[in-house]
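Just below is one structure, and these are the notes that go with it.
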Number of protein chains: 2
Amino acid sequence: MRVLKYAILGLLDQKELSGYDITRLFKEEVGNFWSAKHSQIYPELKRLTEEEFIRYETVIQGKKLEKKMYSITEEGRAELSKWLTTIDPIPETTKDEFMLKAYFASSMSIEELKQQIDNQLSSRKVKLTFLKKRMDDLLEQVNHHITVSSPQFGHYLVLSRAQDRETSYINWLERTLNLIEKEQ
Amino acid sequence: MRVLKYAILGLLDQKELSGYDITRLFKEEVGNFWSAKHSQIYPELKRLTEEEFIRYETVIQGKKLEKKMYSITEEGRAELSKWLTTIDPIPETTKDEFMLKAYFASSMSIEELKQQIDNQLSSRKVKLTFLKKRMDDLLEQVNHHITVSSPQFGHYLVLSRAQDRETSYINWLERTLNLIEKEQ
DNA sequence: AATCGCATGTAAGGCGTTACATGATTCT
DNA sequence: AGAATCATGTAACGCCTTACATGCGATT
């Protein structure tokens, strides 16, 4: 259903961006929930331009380095709005390779299982620390007062959800580790 | 990295299954974290057979309906074990189309945003109720005493994680809805 | 002058979904 | 008799990643 199309339209509805800018954004906050590589982004930008949902202006950076600054058109805004108001069912599967391994616990030794959980736990703790730092920065930017109408509200939503997601995962991992260790 | 290959090997390490059985399993517990359609499963079974990680026996169901019962080979078990002990970094992106929409909150009216959150909330509550019922059934099966060595341990892990995942999502949705409603 | 970041593209191949296609068996 | 479920496959198409490919600009 071409989610990347809407991701790009949404980003361009906030401000003008180059393909390179979009690539960078997918490595930041929004990248917790959606991302794409530059090799997918450039063809999609070309296609959206042909479809007239976006257009670009060529800008010279320095002496001759050209970059294309894309902006959304009225048709693009209408298309974005259609997607934003669509109600979709929640997905039945959210793929998680680690949980697939966990499902096969009976094919592992207890030591192997503990190793997997330990590693997952420490990786996710690192990630949570990083997310908290990001959130601190954001809250400082808005003087600790975020509102729906703040331009940073979208950032706040993804950061708070990402934090919750990691916190919930970490709690489950710790509970599971206790369950395994108590039994031996 | 051919995760479906390992999903199939893991399932066949528990018991013999037909392609149809595997398709059904992906609609149950494990389907919360991994799944595939039959159109992907049958070619993968064929490929794994050629690679000699699995083999099959043709069984006649009724009078002439043939089904292929697959089982894992020693090489298959070794291959599965290699994957199960591999430590992977946590993925930077876990795609979630709803959260992508949330990131674009500033392109929506407050009413549209509330509609989206309301709907997500009720869908996820339905799902959580369903997961709790599944967990009750499982706990009854094992007389309310689950251990690492129980054959159902993998089922327990995915069900408890899926419940946590939904609970965390629901809490975030409710907090976010409050945040929006308080401000008006 | 070398390295890193900015900037844009294409090609090949694998993964995944939807649709097409067929037939047997069981249940109501 | 009809519907739902069991059972297996292929084809077309879109999505996504890895690798190939090139060149400018800024910093050290």
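In the text below, chain A, chain B and the rest are named by the order of the sequence lines, each starting its count at 1.
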If we only count heavy atoms from C-beta on, is the A:M99 to A:W172 side-chain gap below 4.5 Å?
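When only atoms from C-beta onward are counted, A:W172 and A:M99 do touch, with a gap below 4.5 Å.
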Is there side-chain contact between B:F153 and A:I180, with heavy atoms separated by less than 4.5 Å?
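Side-chain contact under 4.5 Å: yes.
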Applying side-chain contact (heavy atoms from CB on, under 4.5 Å), can you list everything that pairs with [X], at least two apart in sequence or on another chain?
X	value
B:S149	B:T147
B:E111	B:S109, B:K114
B:S123	A:I90, B:N119
B:F130	B:R134

Pairs where residues 144-170 of chain B contributes a residue and the test salt bridge (Lys or Arg N to Asp or Glu O under 4.0 Å) is met, not counting sequence neighbours
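Residue pairs with at least one partner in residues 144-170 of chain B: A:R175-B:D164, B:R124-B:E166.
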Can you pull out every salt bridge (Lys or Arg N to Asp or Glu O under 4.0 Å) where at least one residue sits in residues 1-11 of chain A? Sequence neighbours excluded, please.
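Residue pairs with at least one partner in residues 1-11 of chain A: A:R2-A:E44, A:R2-A:E51, A:K5-A:E79.
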Side chains of B:E97 and A:W83 only: does a donor on one sit below 3.5 Å from an acceptor on the other?
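There is such a pair (donor and acceptor under 3.5 Å, judged by atom type) between the side chains of B:E97 and A:W83.
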Nearest heavy atoms of A:W34 and A:A7, plus distance in Å:
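That would be CD1-CB, 4.4 Å.
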Counting N and O atoms only, with roles assigned by atom type, does the side chain of B:Q116 sit under 3.5 Å from a partner on the main chain of A:T86, one being a donor and the other an acceptor?
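Here the side-chain-to-backbone pair exists.
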Walk along DNA chain D from 5' to 3' and tell me the first and last nucleotide with an atom closer than 4.0 Å to a non-hydrogen atom of chain B.
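Here the contact window of chain B covers D:dT5 to D:dC16.
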B:D88: partners by side-chain hydrogen bond (donor to acceptor under 3.5 Å, both in side chains), with sequence neighbours left out
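Only A:K101 meet the side-chain hydrogen bond (donor to acceptor under 3.5 Å, both in side chains) criterion with B:D88.
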For nucleotides 13-15 of chain C, give me every protein contact, N/O to N/O, under 3.5 Å, one pair per line with atom names.
| unit_1 | atom_1 | unit_2 | atom_2 | d |
| --- | --- | --- | --- | --- |
| C:dC15 | OP1 | B:R2 | N | 3.0 |

Give the residues of residues 50-68 of chain A touching DNA chain D, defined as any heavy atom closer than 4.0 Å, sorted by residue number.
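Heavy-atom contacts with DNA chain D come from A:Q61, A:G62, A:K63, A:K64, A:L65.
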If you fit an axis to the five pairs at each end of the helix from C:dA1-D:dT28 to C:dT28-D:dA1, how big is the angle between those two axes, to 10 degrees?
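About 30° separates the two local helix axes.
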Tell me which residues in residues 10-28 of chain A lie within less than 4.0 Å of DNA chain C, going by non-hydrogen atoms.
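Those residues whose heavy atoms fall under 4.0 Å from DNA chain C, taken from residues 10-28 of chain A in numerical order, are A:S18, A:G19, A:Y20.
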